[in-house]
Amino acid sequence: ADDQQLQSQAPQPPDVRLGPLYHAVQSAKFFPDQKTFADAVPKFNPASILADWQMQKNQRNFDLRRFVDTNFTLPAKGEAYVPPAGQSLREHIDGLWPVLTRTTDKVNQYDSLLPLPKPYVVPGGRFREIYYWDSYFTMLGLAESGHWDRVQDMVDNFAHELDKYGHIPNGNRSYYLSRSQPPFFSLMVDLLAQHAGESTYSKYLPQLQKEYQYWMADAQSVAAGSASKRVVKLKDGTVLNRYWDARDVPRTESYMDDIATAEKAKQRNKAELYRDLRSGAASGWDFSSRWFDDPNDLSTIRTTEIVPVDLNALLFHLEKTLAHASKAADKQSDSQRYADLAEKRQVAINRYLWNAEGGWYADYDWKRSSVRTQLTAAALFPLYMQAASDDQAAKTAAAVEKQLVKAGGLVTTNVHNGQQWDAPNGWAPLQWVAVEGLNHYGKQTLAKDIGMRFLDNVQATYDREHKLVEKYVVEGNLGGGGGGEYPLQDGFGWTNGVTLKLMDMYCPKDVTCNNVSDMKKSQ
Ligand SMILES: OC[C@H]1O[C@H](O[C@H]2O[C@H](CO)[C@@H](O)[C@H](O)[C@H]2O)[C@H](O)[C@@H](O)[C@@H]1O
């Protein structure tokens with residue numbers, strides 16, 4: 001089944017099911033977070049609710065707020081988790097896994113939540129569903145805590161989504177189906193194989209292939225110098241990828257935010273702007289100056305015109321994994337084909353996604369045929385996926401050390417613009433990518449420096465506030481991060497995962513590391 005066929009069988013998102021009623025409720029701004037109504041469960045058939053509203057809305061004394069309460073169950077406010085007193089950082093994280101675990105193999109037929117066959121771990125706070133790229137970093141921590149059963153469950157859930165929808169959605173919500181997120185499925189398979197063995201590769205080969213087909217759809221037919229869906233063909237025929245959302249209307253979960261952004265950019269085609277915002281969400285970096293023309297103005301976002309360095313490094317890994325898995329399944333010619341594709345992509349990354357003047361990996365503007373100038377934490381992805389040449393890796397490491405290493409870890413970019421994927425924030429997944437990437441190229445000292453700075457930041461925040469959070473301020477007043485379109489969230493899946501992984505990585509031999517201070521002892 002192709003993309004379109006699978007999409008047409010998929011459940012409709014609430015803004016489509018409820019149409020003008022969805023617009024009216026979000027416009028009334030009853031809820032501080034627009035995701036609240038996106039996650040509200042209709043008590044009756046949405047078509048009848050809509051018909052009732054059409055009939056009642058112009059009646060005198062019609063009360064929309066009351067109508068919402070009568071017809072929808074709003075998501076329960078998550079009880080603030082109060083951890084047992086005196087827990088170490090490790091005990092806290094270990095104790096949180098069950099708190100963050102959900103089982104939704106059956107859901108109400110009108111719920112925007114999509115059922116998944118096995119239990120899964122959510123990030124926490126407003127993020128009550130599974131998220132694609134978060135899950136890899138969460139799984140690193142689950143594995144560290146010995147929960148291999150849950151790692152297996154989560155890989156199975158993603159394999160199920162690939163079978164059912166043809167791709168892994170941003171999250172298991174109907175309104176996330178039109179896009180994916182940074183493709184980490186092949187890394188999840190690698191992780192599981194460490195425990196379940198080499199047969200893991202042939203077992204998940206069909207789903208690895210589906211993942212690849214989704215990202216590479218139209219690669220054959222698209223003309224040079226243009227793009228289609230997630231594929232960009234440069235003028236010389238080089239094939240690379242971009243982020244892309246199949247829809248071009250305001251995001252369901254950030255509906256009024258997107259309308260407000262469009263209001264600011266009167267000169268822009270609204271559908272294009274909405275698609276660029278949605279594609280920004282697909283990148284996982286929602287939002288960042290990385291995608292903007294004017295680093296201080298979200299309405300200048302041009303995600304779909306940019307070939308991202310992290311995405312292409314991840315797809316290089318997918319191609320290598322497909323080569324490996326095909327070989328494991330005794331499909332030699334397929335294996336060779338994927339190996340050739342990986343090699344081509346590696347050449348393209350080192351050529352096009354390289355800023356020679358600065359000396360670092362960067363994104364490429366395929367519309368303007370020029371490499372972007374900005375240094376961001378994404379520069380480390382070619383090192384992480386071992387696509388970088390030694391010389392380019394060394395130069396990138398030097399630039400990162402000089403410009404992105406701050407007191408509390410690796411900063412996302414050096415732009416202070418109030419966006420959450422910019423300064424002064426540092427994110428756990430990007431710390432891990434940096435540490436692993438630098439280690440691959442002999443930069444152990446710099447890697448450890450970044451890892452320890454981030455761990456100190458997480459521990460100090462935990463000691464003060466008894467929680468881990470979604471993102472951290474890494475320069476100035478260290479602690480929980482800010483910016484973006486929603487308040488800082490607690491939990492938090494990927495921070496928990498990366499913290500455990502780094503603690504174990506840098507814990508001296510013969511020491512038990514329950515807190516970061518233990519890591520500085522030696523017995
Ligand atoms: O509701 C706004 C956006 O929220 C999500 O993005 C952020 O949280 C995700 C879960 O931790 C994370 O994967 C992403 O990198 C964050 O920026 C969501 O993924 C977006 O689609 C959504 O529009």
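Counting starts at 1 for both ligands and their atoms, following the listed order.
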Partner residues of Asp153 under the salt bridge (Lys or Arg N to Asp or Glu O under 4.0 Å) criterion, sequence neighbours left out
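Result, salt bridge (Lys or Arg N to Asp or Glu O under 4.0 Å) vs Asp153: Arg150.
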Between Thr304 and Trp244, is the side chain to side chain donor-acceptor pair (under 3.5 Å) condition met? List the steps.
CA-CA 6 Å; Thr304 57; Trp244 175 260; over 6 Å; no
Report the residues that fulfil side-chain hydrogen bond (donor to acceptor under 3.5 Å, both in side chains) with Arg247, sequence neighbours left out, ordered by chain and then residue number.
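Checked Arg247 against side-chain hydrogen bond (donor to acceptor under 3.5 Å, both in side chains); matches are Asp15.
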In a check of ring pair (Phe, Tyr, Trp, His ring centres under 6.0 Å) between Phe137 and each of Phe184, Phe492, Tyr132, which one passes?
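So, applying the ring pair (Phe, Tyr, Trp, His ring centres under 6.0 Å) to Phe137 and each of Phe184, Phe492, Tyr132, only Phe184 qualifies.
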Protein residues that have a heavy atom under 4.0 Å from any atom of ligand 1, sorted by chain and number:
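Heavy-atom contacts below 4.0 Å: Arg126, Phe127, Tyr131, Trp133, Asp134, Asn170, Tyr176, Arg179, Gln181, Arg251, Glu253, Ser254, Ala281, Gly284, Asp286, Gln420, Trp421, Glu485, Tyr486, Phe492, Trp494.
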Residue pairs, two or more places apart or on separate chains, that pass salt bridge (Lys or Arg N to Asp or Glu O under 4.0 Å) and touch residues 307-318
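Of all non-adjacent pairs touching residues 307-318, those that pass salt bridge (Lys or Arg N to Asp or Glu O under 4.0 Å) are Arg290-Asp310.
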Take Tyr204 and Glu211 through the test side chain to side chain donor-acceptor pair (under 3.5 Å) and record every step on the way to the result.
CA-CA 11 Å; Tyr204 293 103; Glu211 171 83 324; over 6 Å; no
